[in-house]
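First up is the structure itself, then whatever we jot down about it.
Counting begins at 1 with the first residue of the sequence.
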Amino acid sequence: MLAYMTQVSREKATRFLGPDSATRDLAVDLYLQIANLPLLCPHGHVDPALFTDPDYSFGSPVDLLLLPDHYLLRMLRSQGISYESLGIPDRQGSGGQIEHRQIWQIFADNFHLFRATPSGIWLTLELEDVFGITEKLNGDNAQGIYDQIAAHLETKAFRPRALFERFAIEVLCTTDAATSALKDHKVLKETGWKGRVLPTFRPDTLVNIEAPSWDLKIEKLSQVSGIAVGDYASFLAALEQRRAAFKALGATATDHGLRSAATQSMDAREAEALFRRALRGEADEADAEAFTAHMLIEMARMSSEDGLVMQMHVGAFRNHDTNLFERYGSDRGADIPTSVEFTRNLRPLLERYGHHANFRLVLFTLDESVYARELAPLAGYYPAVRIGPPWWFHDSLNGIERFLEQVSETAGIYNLAGFNDDTRAFPSIPARHEVWRRGVCNWLAGLVLRGVVDETEAAEMAVALAYQLAKDTYRLNEE
């Protein structure tokens, strides 16, 4: 079993596997062969500051398990539970003074809302496998379970570095703004701690000229890069400087959160004119769309030169609830999936870089309708393209099965990016890998029983999907 768990019985290993005994028995055999593989976490949002201080404390059970997790917040919100009652501070910092035991009680009283959801599965696994709590959380035992979690969090065994090692994490990648000075990553490198925590370059607020306070972010880019950004050429130079700084601290990837996968190149004169309009505050929505589409090709060009893997997360309508965003800010659960088109939109980028030996592009989507129609054929042809695993609304047992069934026949599994947990909630990382690994083994067992692959092939595929594909895709073999 994973290092964070004790010896597992065969009975316990059947969790989440199908009801058919033949499939289940073979899935368990496959699972037990990969259960002790280390965890690769090539994309996520864990704060690197957790690891700079050996004595860092997570705070209360609410700080650890509830407040960082927008999956939990959005479900509670859907049932009319206010963010005020959950102690979430607004943009001005007010409203966060609710006693944490009171917040936990509200959460426990409503834990039934998460039945049959990935969030319910993850949290149940966290309580059982990380904290040793086997009782089902409810309103009656809420305070007792709170006390048990709080007692664990007081111990050295529950400091972030200790859990990092207990979870058998080989690499954990954070996501950092392109304007970040990467202070925490520099501190980590200086401490000599052996845990491998790497930054990931995210330039969204710079390439989106409609982003709030874009002009101030350009000023910050100037400051952190040491390049005065006053025109398009200096803008590109500053971005390239930041990419080099990230890579010097171990970064292997970039990340781009997008509503659309549109890419379209413009010549340097057009780009310069558009950029200057943006600096004057005169750019419109069409300008913003054109500039982002152009900058994606520029990002691909830079990746082909510096080797950073380019990730595109496409299809989230961010901050759908304007009132919530204005009061509480982003990442509070109000992002909603939209439909996406890849084939035509990515053609300008892929015609230029899709066969480049040093370029790699990982595509994620919230639109499952494009798995078989677009993503699998693209990854099944262009050497640069890999398909990212089910993301966000679809990183579930059912979502994993749908994903594998739809992409594997055209792309195979070796054009997939393996798994990443994409989480802010650090203790949920092992649970998310557990669900993926068990889902993969259940799917592979079905292939064996239908004669599509044999057991030896299935075992090799399980290792690939659980570990090796992510390591290869994100170039994590390279120190």
Taking only Lys NZ, Arg NE, NH1 and NH2, and the carboxylate oxygens of Asp or Glu, determine whether [X] and [Y] approach each other closer than 4.0 Å.
X: Asp306; Y: Lys247; result: no
X: Arg243; Y: Glu305; result: no
X: Glu405; Y: Arg402; result: no

| said: Please determine whether side-chain contact (heavy atoms from CB on, under 4.5 Å) holds for the pair Phe51 and Val46, giving the CA-CA distance in whole Å, both sets of side-chain angles, and the decisive distance to 0.1 Å. | reply: CA-CA 10 Å; Phe51 308 102; Val46 172; 4.0 Å; yes

Could you give the distance from [atom1] ([X]) to [atom2] ([Y]), rounded to the nearest 0.5 Å?
X: Arg242; Y: Thr254; atom1: CZ; atom2: OG1; result: 14.5 Å
X: Arg277; Y: Ile209; atom1: CZ; atom2: CD1; result: 8.0 Å
X: Met310; Y: Met299; atom1: CE; atom2: CE; result: 7.5 Å
X: Met312; Y: Phe364; atom1: CE; atom2: CZ; result: 11.5 Å
X: Leu366; Y: Asp335; atom1: CG; atom2: CG; result: 9.0 Å
X: Arg15; Y: Glu434; atom1: CZ; atom2: CD; result: 6.5 Å

Who passes salt bridge (charged side-chain N to carboxylate O under 4.0 Å, His left out) against [X], sequence neighbours left out?
X: Asp184; answer: none
X: Asp63; answer: none
X: Arg91; answer: none

Backbone of [Y] reached by a side-chain donor or acceptor of [X] within 3.5 Å:
X: Asn442; Y: Gly439; value: no
X: Asp454; Y: Glu457; value: yes
X: Trp436; Y: Ile400; value: no
X: Glu374; Y: Thr343; value: yes
X: Thr175; Y: Gly44; value: yes
X: Ser265; Y: His294; value: no
X: Asp255; Y: Ala253; value: no

| field | Stepwise side-chain contact (heavy atoms from CB on, under 4.5 Å) test for Tyr71 and Asp395 | value | CA-CA 11 Å; Tyr71 285 93; Asp395 51 0; 2.8 Å; yes

| task | Would you kindly check if the NZ (Lys) or CZ (Arg) of Arg77 is within the cone defined by 45 degrees around the ring axis of Tyr83 and under 6.0 Å from the six-membered ring centre? | result |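 Yes, a cation-pi geometry holds between Arg77 and Tyr83.
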
| Are any non-hydrogen side-chain atoms of Ile387 and Leu363 less than 4.5 angstrom apart? |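 Answer no - side chains too far apart.
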
| task | Please test Phe275 against Trp214 for ring pair (Phe, Tyr, Trp, His ring centres under 6.0 Å), starting from the C-alpha separation and ending with a verdict. | result | CA-CA 12 Å; Phe275 189 77; Trp214 180 76; 5.7 Å; yes

Using distance alone, with no hydrogens and no angle criterion, decide if [X] and [Y] have a side-chain donor and acceptor under 3.5 Å apart.
X: Gln468; Y: Tyr414; result: no
X: Ser180; Y: His185; result: no
X: Ser396; Y: Asn398; result: no

| task | Check the pair Tyr382 / His356 against ring pair (Phe, Tyr, Trp, His ring centres under 6.0 Å), numbers first and verdict last. | result | CA-CA 9 Å; Tyr382 286 100; His356 195 290; over 10 Å; no

| query | Can you list the steps and then say if Tyr353 with Ile297 is a side-chain contact (heavy atoms from CB on, under 4.5 Å)? | reply | CA-CA 9 Å; Tyr353 298 107; Ile297 292 183; 4.1 Å; yes

Please report the closest heavy-atom contact between [X] and [Y], naming both atoms and the distance.
X: Ala372; Y: Pro377; answer: O-CD, 3.2 Å
X: Pro160; Y: Phe58; answer: CG-CZ, 3.6 Å
X: Leu449; Y: Leu26; answer: CG-CD2, 4.3 Å

| task | List for me each residue that meets side-chain hydrogen bond (donor to acceptor under 3.5 Å, both in side chains) alongside Asp204, sequence neighbours excluded, and say none if there are none. | result |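 side-chain hydrogen bond (donor to acceptor under 3.5 Å, both in side chains) list for Asp204, sorted by chain: Arg202.
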
| By side-chain hydrogen bond (donor to acceptor under 3.5 Å, both in side chains) - contacts of Glu455 (at least two apart) |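 Glu455 satisfies side-chain hydrogen bond (donor to acceptor under 3.5 Å, both in side chains) with no residue once adjacent residues are dropped.
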
| message | If you apply the rule side-chain contact (heavy atoms from CB on, under 4.5 Å), what do you find for Tyr381 with Leu350, and how did you get there? | response | CA-CA 11 Å; Tyr381 174 73; Leu350 291 175; over 6 Å; no

Distance-only donor-acceptor hits, side chain of residues 416-430, under 3.5 Å, sequence neighbours excluded:
| unit_1 | atom_1 | unit_2 | atom_2 | d |
| --- | --- | --- | --- | --- |
| Asn420 | ND2 | Tyr474 | OH | 3.4 |
| Asp421 | OD2 | His433 | NE2 | 3.2 |
| Asp422 | OD1 | His43 | NE2 | 3.1 |
| Asp422 | OD1 | His45 | NE2 | 3.0 |
| Asp422 | OD2 | Trp391 | NE1 | 3.0 |
| Thr423 | OG1 | Ala425 | N | 2.9 |
| Thr423 | OG1 | Ser428 | OG | 3.2 |
| Thr423 | OG1 | Arg432 | NH2 | 3.3 |
| Arg424 | NH2 | Asp331 | OD1 | 3.3 |
| Arg424 | NH2 | Asp331 | OD2 | 3.2 |
| Ser428 | OG | Ala425 | O | 2.7 |
| Ser428 | OG | Arg432 | NE | 3.0 |

